[in-house]
Structure formats: structure tokens, C-alpha cells
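Everything numeric here is computed off the predicted structure, so don't read it as measured data. Along the sequence shown, residues are numbered consecutively beginning with 1.
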Amino acid sequence: MEALTKEQVYKLALNRMNYTWEPDEAQNANVNAAIEEAEALLRARAGSPDLDLTGPEYRGLLIECVWYLANNRRAEFEEDYRAEIVNLRLAEGFGCGKEESTV
């Protein structure tokens with residue numbers, strides 16, 4: 001699977017939020033802000049500012065984070081996904097569980 005485009009992330013976020021209509025300007029701004037905040041939050045937790053969250057490994061976590069943030073439930077996200085966030089940090093921030101590079 002390839003990395004997602006920003007438009008694909010946006011559409012997945014709308015789908016996760018059960019939007020069955022075209023969002024108005026305020027809803028559109030809320031979703032886009034939640035996407036940006038989710039990316040920043042997960043990259044900070046991973047300790048990796050350039051982490052690609054749109055690849056198959058992390059896209060589900062990204063979309064869930066967007067849903068929580070768009071619904072003003074950041075603390076609940078961090079509680080509900082504590083294990084995933086720790087694993088993200090271990091894998092990306094410290095390299096735990098990653099294959100060694102042969103280059």
C-alpha cells in the first residue's frame with residue numbers, strides 16, 4: 001500500500017466521522033485543523049518530526065486521532081491509545097522493532 005495524499009486522508013477522516021454530506025466551511029476547517037493537529041501530536045509522541053503517518057503502518061492511528069481531536073477528546077485519545085502511542089515512540093523514536101539497515 002502506498003502513502004495517502006492529503007485529500008485521501010481528509011476523505012477517510014470524513015468517513016470516520018460519519019459525514020454523509022458535504023461539510024460546510026466551519027466543518028471543513030475543523031477537520032483540516034484536526035488532521036494537522038493529529039499529525040503534529042503523533043510526530044511529537046514518536047519523537048520523529050518527519051514521520052510519514054499516511055503509510056499503511058500508521059494511517060489507522062492517524063485517522064482515529066483525527067476523529068478524537070475533531071470531537072475535542074484529545075485526553076481520551078491519549079488514554080485509549082496509550083499502548084499504540086508507546087509502541088509508536090519505541091519504533092520511531094528509539095528504533096525498537098525496526099529492521100537494521102544494511103546500507
Side-chain angles (χ1 to χ4, degrees):
M1 270 193 221
E2 293 181 13
L4 300 174
T5 65
K6 286 196 174 272
E7 182 64 26
Q8 289 170 318
V9 170
Y10 176 79
K11 287 181 180 183
L12 285 172
L14 291 179
N15 186 51
R16 174 62 180 93
M17 289 182 229
N18 294 321
Y19 277 32
T20 57
W21 61 92
E22 266 312 300
D24 63 26
E25 198 171 308
Q27 292 165 330
N28 182 47
N30 183 46
V31 173
N32 281 311
I35 291 169
E36 288 180 23
E37 186 179 352
E39 289 174 338
L41 172 68
L42 293 173
R43 286 181 178 130
R45 295 296 181 267
S48 181
D50 299 320
L51 178 62
D52 179 13
L53 296 162
T54 63
E57 189 173 4
Y58 299 126
R59 71 176 58 154
L61 184 61
L62 173 63
I63 298 304
E64 284 302 309
C65 187
V66 169
W67 183 85
Y68 275 81
L69 294 175
N71 288 291
N72 298 315
R73 298 173 63 190
R74 180 182 179 144
E76 290 176 47
F77 172 77
E78 297 211 41
E79 179 66 28
D80 292 348
Y81 286 86
R82 181 183 319 236
E84 289 85 350
I85 292 169
V86 168
N87 288 336
L88 176 70
R89 176 69 174 184
L90 290 172
E92 297 302 325
F94 300 110
C96 299
K98 291 232 175 204
E99 292 183 25
E100 287 188 37
S101 175
T102 57
V103 179

Report task. Kindly say whether A75 contributes a backbone atom to a donor-acceptor pair with the side chain of E78 at under 3.5 angstrom? Result -> no
Query - Between CG on residue N30 and CG on residue D24, distance to nearest 0.5 Å - result: 10.0 Å
Query raised in the report: Tell me, do L69 and F77 make a side-chain contact under 4.5 Å, heavy atoms counted?
Result: no
Query raised in the report: If you round to the nearest 0.5 Å, how far is CZ of R73 from CG of D80?
Result: 7.0 Å
Report task. Calculate, to the nearest 0.5 Å, the distance between atoms CD and CG belonging to E39 and D52 respectively. Result -> 9.0 Å
Query raised in the report: Taking C-beta and beyond as the side chain, do I35 and K6 meet within less than 4.5 Å on heavy atoms?
Result: no
Query - N15 side chain vs K11 backbone, donor-acceptor pair below 3.5 Å - result: no
Report task. Applying ring pair (Phe, Tyr, Trp, His ring centres under 6.0 Å), name anything that partners Y10, two or more places apart in sequence or on another chain. Result -> none
Report task. Indicate yes or no: at least one non-hydrogen side-chain atom of L88 is less than 4.5 angstrom from one of E84. Result -> no
Query - Side-chain (R59) to main-chain (T54) donor-acceptor, under 3.5 angstrom - result: yes
Query - Side-chain heavy-atom pair R74, L41 within 4.5 angstrom cut-off - result: yes
Query raised in the report: Taking C-beta and beyond as the side chain, do Y58 and L42 meet within less than 4.5 Å on heavy atoms?
Result: no
Report summary line: Taken to the nearest 0.5 Å, the spacing of L53 CG from L4 CG works out to 10.5 Å
Report task. Quick one: closest heavy-atom pair of A13 and I63, and the distance? Result -> N-CD1, 4.1 Å
Query - Check: V31 and L14 side chains under 4.5 Å, non-hydrogen atoms - result: yes
Query raised in the report: Could you state the interatomic distance from CZ (R16) to CG (N71), rounded to the nearest 0.5 Å?
Result: 8.5 Å
Query - Straight-line distance of R45 CZ to L61 CG, nearest 0.5 Å - result: 11.5 Å
Query raised in the report: Would R89 and E92 pass as an ion pair if we require N to O under 4.0 Å?
Result: no
